[in-house]
Trainee: 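Let me begin by handing over the structure; questions about it come next.
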Amino acid sequence: MAGLLGTGLAELCTAAPMNAADLNLAREAAAAARWEGPRVRGGGWLEWRLATPMPGTPAQFFDPAHYDLSCEFSGPQGRSLHVTAFWSRDPLGSQWVLRLLPPLAGRWRAAPRARIGGGEAVALGASFEFDVSSVVAHQRIVIDPQDPRYFAFDDGTPFVPVGLNVCWGAGPQPLADYRRWFTRLAENGGNFARLWMASWSFGIEWKDTGLGDYAVRMDRAAQLDAVFELAESLGIRIMLCLVNHGAFTEKNDAEWQDNPYNQANGGPLAAPEGFVTDERAQALFERRVRYIAARWAHSPALHSWEWWNEVTWTPIDAAQLRPWFTRMSRVLDAHDPYRRLRSTSWADRGDAASWKMPALDYAQQHDYTSRDLMLHYAGAAREWRDDGITSKPLVASELGLETTHDAKAPRPFNWDAVHLHNGLWAPLFHGFAATALYWWWDHLVDPLNVWPAYRGITRYLQALHDSGLRLAGHRPHAAEFAGGEAHALALAGPTSVLLWVRADLHDASALREAWQEATGGTDPARPWQPDYPAIVDGRVRVQGLALADGRVNGRVNGRVRVRWFDAGSGEALATAAGLATTETTLRDGALDLTCPSFGRDVAAIVQAL
């Protein structure tokens, strides 16, 4: 591999220097540069392309020490954005590109600039003006200003991620895969996906590129462009993971042997852990982050940047990572003018000291467990509180019943689908900001068509938002269930109570035990259906409430409106009285409700009148 990548580290890490003649040619080209555009693309963002070529090689174009091209956009109300240009080879040509998501309508002015060979900034062609007649709504997702444990759009509208991992394509046509997956997710109400820039998918730097020169992977970058535009069209937001653990480990999913940072391949590192401490390695990764931010920060589909997937499996420890997070965040500060959210992940809940850093906006955990998720996320929420992580959103960004899955293996019943369903509800009712993101998108969710599982929670959340309510401001609250084998979870807010009531049998492990008892568990190829006994006249009691009605704060007595929903479909349910919406009384801070008959689970929205 070392021979393939070149003769030495200096050539690998830094493009061939520009001599005086090259510099003069480049500066003359900059003065005569002409930008074409804007073209309206994707969800409504703007793109310009440099119509006149700049002299040099792609290796020089990717290195900001040689070519640092950018534009100052200034518009109405004194708004300005510094946008970094990037070089691209795609179906539209080999050109420098600028992408802008205008925050305001009106007259804008663009002043392109270039620093060539590290010299002073010079004009990159003439400044120009353009009009923006309308802007994209919901451009950016931020921490909810009403409650820092949740997300919201930049206009204050609540945003609850409902989705799954869709990290890479399953076959030779990844865009076809994503069109199918994203369409099915959106059709069933989902709005969120997690993607990886892994070596075998959307990664732009690997053994076939060497370090710092991404030219041979411009096809991967163009594919990611297309995935973002698809997500924009369907209202799906993306968490984009920049580094997967295998690239820097010799153990779990090891790819270190093929990593261009590896000294054996001509790179600067004798061992993977040097990636976050070695100066050359950090400078090279800064270059990659700069390019990624320049190319994709504009997309309204981008929810957040995720630095690592499961850095647990690398030899890099948290103490080494913390200054690295700060350093790399400064790169995003310089090249992501929209200030997209930032996070990372470990294989569990990770490092509490890192989560407290301003450089990480929300915390994540990964869960491969057969435990009842009602109990599992109760324990996880308690552990987060014990660690002092109480004012950032929590996201269960991977969930699976097991760490392996074979959709073709015979199963008497799809208990993974039940596990996924519980993962959509349980974290939210323990104060998490998002549904759990199930992992087996390509082995379970799509081939077995589990997509309809997303309908229940999305319709419930829509009903919540249509009522003028949001998860923000609600806190987990004790609830008691009587009248059958079931449990209830509650969230209490200033004017409302949210409930999820689930039969004990509606849990993956409980169903497996029921199958074992009913059949002896000797024939997994023989289909089996659980017998969910109807729970009739089940009762939920929630005490210690003080609900305001908009006129009087802290009432412990008064009328409330109750709406019940089927948690599987999201459809409204009639009560025993035959009404989809009923009223009852809050007495001495206690709420007593009778559930509609159910076999699996139901949910309710209770509002003070």
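Heavy-atom basis, side chains included; hydrogens, waters and symmetry copies ignored.
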Trainee: Do Y368 and E398 meet the criterion of a side-chain donor-acceptor pair at a distance under 3.5 Å?
Mentor: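 Yes, E398 and Y368 have a side-chain donor paired with an acceptor closer than 3.5 Å.
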Trainee: Under a 4.0 Å N-O cut-off, is there an ion pair linking R39 with E47?
Mentor: yes
Trainee: So do I204 and M197 actually touch side chain to side chain, heavy atoms under 4.5 Å?
Mentor: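 Counting from C-beta outward, M197 and I204 do come under 4.5 Å.
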Trainee: H366 vs S397, test: side chain to side chain contact (heavy atoms under 4.5 Å, CB included). Steps then yes/no.
Mentor: CA-CA 6 Å; H366 289 183; S397 52; 3.0 Å; yes
Trainee: For P158, which residues count as a side-chain contact (heavy atoms from CB on, under 4.5 Å) partner, sequence neighbours excluded?
Mentor: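 In terms of side-chain contact (heavy atoms from CB on, under 4.5 Å), with neighbours along the sequence ignored, P158 is linked to H465, R470.
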Trainee: Are side-chain N/O atoms of D406 and H443 paired as donor and acceptor at under 3.5 Å?
Mentor: no
Trainee: I'd like to know if D566 pairs up with R459 as an ion pair, taking the criterion as any Lys NZ or Arg NE/NH1/NH2 lying under 4.0 Å from an Asp or Glu carboxylate oxygen.
Mentor: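 No, D566 and R459 are not salt-bridged.
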Trainee: Could you check D155 against T157 for side chain to side chain donor-acceptor pair (under 3.5 Å), going step by step and ending with a plain yes or no?
Mentor: CA-CA 6 Å; D155 66 356; T157 303; 2.9 Å; yes
Trainee: Assess whether a salt bridge exists between R339 and D154, defined as any Lys/Arg side-chain N lying under 4.0 Å from an Asp/Glu carboxylate O.
Mentor: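 A salt bridge is absent here (no side-chain N lies under 4.0 Å from a carboxylate O).
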Trainee: Would you say the side-chain atoms of N165 and W440 include a donor-acceptor pair closer than 3.5 Å?
Mentor: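 Side chains of N165 and W440: no pair found under 3.5 Å.
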Trainee: For the residue pair A567 and H421, what are the closest heavy atoms and their distance?
Mentor: O-CE1, 3.4 Å
Trainee: With ring pair (Phe, Tyr, Trp, His ring centres under 6.0 Å) as the test, pick out the partner of W96 among F61, F62, F86.
Mentor: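 For W96, the ring pair (Phe, Tyr, Trp, His ring centres under 6.0 Å) check succeeds only for F61.
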Trainee: Give the intermediate values and the outcome of salt bridge (Lys or Arg N to Asp or Glu O under 4.0 Å) for residues R217 and E205.
Mentor: CA-CA 7 Å; R217 287 201 165 210; E205 182 178 59; over 6 Å; no
Trainee: Are the ring centres of F151 and H303 closer than 6.0 Å?
Mentor: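 That pair passes the under 6.0 Å test.
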Trainee: Does some side-chain heavy atom of I143 sit less than 4.5 Å from a side-chain heavy atom of L341?
Mentor: yes
Trainee: Donor-acceptor pair, distance only, cut-off 3.5 Å: does the side chain of W305 make one with the backbone of A293?
Mentor: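 Side chain of W305 to backbone of A293: no pair is present.
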Trainee: With a 3.5 Å distance limit and no angle check, can you tell me whether N188 reaches the backbone of R184 through a side-chain donor-acceptor pair?
Mentor: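 Confirmed, N188 side chain pairs with R184 backbone.
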Trainee: Would you say E232 and P300 make side-chain contact, with heavy atoms under 4.5 Å?
Mentor: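 Counting from C-beta outward, E232 and P300 do come under 4.5 Å.
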Trainee: I would like to know whether F248 and W308 meet ring pair (Phe, Tyr, Trp, His ring centres under 6.0 Å); could you show each step before the answer?
Mentor: CA-CA 11 Å; F248 290 93; W308 286 87; 5.8 Å; yes
Trainee: With a 3.5 Å cut-off and no angle check, do the side chains of W451 and D446 form a donor-acceptor pair?
Mentor: yes
Trainee: By side-chain contact (heavy atoms from CB on, under 4.5 Å), which residues pair with P103, not counting sequence neighbours?
Mentor: R79, L81, W108, Q139
Trainee: What orientation do H298 and W45 show, parallel under 30°, tilted 30 to 60°, or perpendicular over 60°?
Mentor: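 If you compare the ring of H298 with that of W45, the planes turn out perpendicular.
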Trainee: Looking just at side-chain N and O atoms, do E306 and Q364 make a donor-acceptor pair shorter than 3.5 Å?
Mentor: yes
Trainee: Give a yes or no on whether the backbone of A297 and the side-chain of R340 come within a donor-acceptor separation of less than 3.5 Å.
Mentor: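 Flag set: sc R340 to bb A297 pair under 3.5 Å.
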Trainee: Classify the angle between the aromatic ring planes of F130 and F73 as parallel (below 30°), tilted (30 to 60°) or perpendicular (above 60°).
Mentor: perpendicular
Trainee: Using only atom types and a distance under 3.5 Å, with no angle test, would you say the side chain of N191 pairs donor to acceptor with the backbone of G235?
Mentor: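 Between the backbone of G235 and the side chain of N191 there is no qualifying donor-acceptor contact (under 3.5 Å).
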Trainee: Please identify each residue that fulfils side-chain hydrogen bond (donor to acceptor under 3.5 Å, both in side chains) with R330, with sequence neighbours left out.
Mentor: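 Partners of R330 by the side-chain hydrogen bond (donor to acceptor under 3.5 Å, both in side chains) criterion come out as none, since no residue qualifies.
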Trainee: For a side chain to side chain contact (heavy atoms under 4.5 Å, CB included) with R179, tell me which candidate from L234, L230, V227 qualifies.
Mentor: L230
Trainee: Does H419 reach the main-chain N or O of T369 with its side chain, forming a donor-acceptor pair under 3.5 Å?
Mentor: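 Checked: pair present.
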Trainee: Measuring only between side-chain heavy atoms, which start at C-beta, is R280 closer than 4.5 Å to Y261?
Mentor: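 Counting from C-beta outward, R280 and Y261 never come under 4.5 Å.
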Trainee: Under the rule for side-chain contact (heavy atoms from CB on, under 4.5 Å), what residues qualify as partners of A434, not counting sequence neighbours?
Mentor: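 So A434 forms a side-chain contact (heavy atoms from CB on, under 4.5 Å) with P161, V395.
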Trainee: With a 4.5 Å limit on heavy-atom distance, are the side chains of R288 and Y214 in contact?
Mentor: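 The answer is yes, as the side chains (C-beta and beyond) meet within the 4.5 Å cut-off.
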Trainee: Apply the test ring pair (Phe, Tyr, Trp, His ring centres under 6.0 Å) to residues W196 and W439: give CA-CA distance (whole Å), side-chain angles for both, the deciding distance (0.1 Å), then the verdict.
Mentor: CA-CA 12 Å; W196 288 10; W439 178 255; 5.6 Å; yes
Trainee: Does a side-chain heavy-atom distance below 4.5 Å link S94 with W87?
Mentor: yes
Trainee: Restricting to ring-ring contact (aromatic ring centres under 6.0 Å, His included), what partner residues turn up for F565, sequence neighbours left out?
Mentor: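 ring-ring contact (aromatic ring centres under 6.0 Å, His included) check on F565 returns Y460.
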Trainee: Determine whether L401 and R512 make a side-chain contact, defined as any pair of heavy atoms from C-beta on separated by less than 4.5 Å.
Mentor: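 Yes - at least one pair of side-chain heavy atoms lies under 4.5 Å apart.
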Trainee: When you measure from the side chain of D144 to the backbone of A152, do you find a donor-acceptor pair of N or O atoms at a distance under 3.5 Å?
Mentor: no
Trainee: So, does Y178 use its side chain to make a donor-acceptor pair with the main chain of W168 at under 3.5 Å?
Mentor: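 Pair found, side chain donor or acceptor close to backbone of W168.
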Trainee: Determine whether W296 and D225 satisfy the following criterion, side chain to side chain donor-acceptor pair (under 3.5 Å), listing intermediate values before the conclusion.
Mentor: CA-CA 8 Å; W296 292 292; D225 283 346; 2.7 Å; yes
Trainee: Would you please test F285 and V243 for side chain to side chain contact (heavy atoms under 4.5 Å, CB included) and show each step?
Mentor: CA-CA 10 Å; F285 190 67; V243 186; 3.6 Å; yes
Trainee: Could you check if a side-chain atom of D523 sits within less than 4.5 angstrom of a side-chain atom of W528, using non-hydrogen atoms only?
Mentor: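 A side-chain contact is absent here, since even the closest heavy-atom pair is not under 4.5 Å.
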Trainee: Do you see a donor-acceptor pair shorter than 3.5 Å between the side chains of H245 and N252?
Mentor: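 No - no donor-acceptor pair under 3.5 Å links their side chains.
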Trainee: Give a yes or no on whether the backbone of G212 and the side-chain of R287 come within a donor-acceptor separation of less than 3.5 Å.
Mentor: yes
Trainee: By side-chain contact (heavy atoms from CB on, under 4.5 Å), which residues pair with A347, not counting sequence neighbours?
Mentor: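 For A347, the residues satisfying side-chain contact (heavy atoms from CB on, under 4.5 Å) (neighbours in sequence not counted) are E310, T312, W313.
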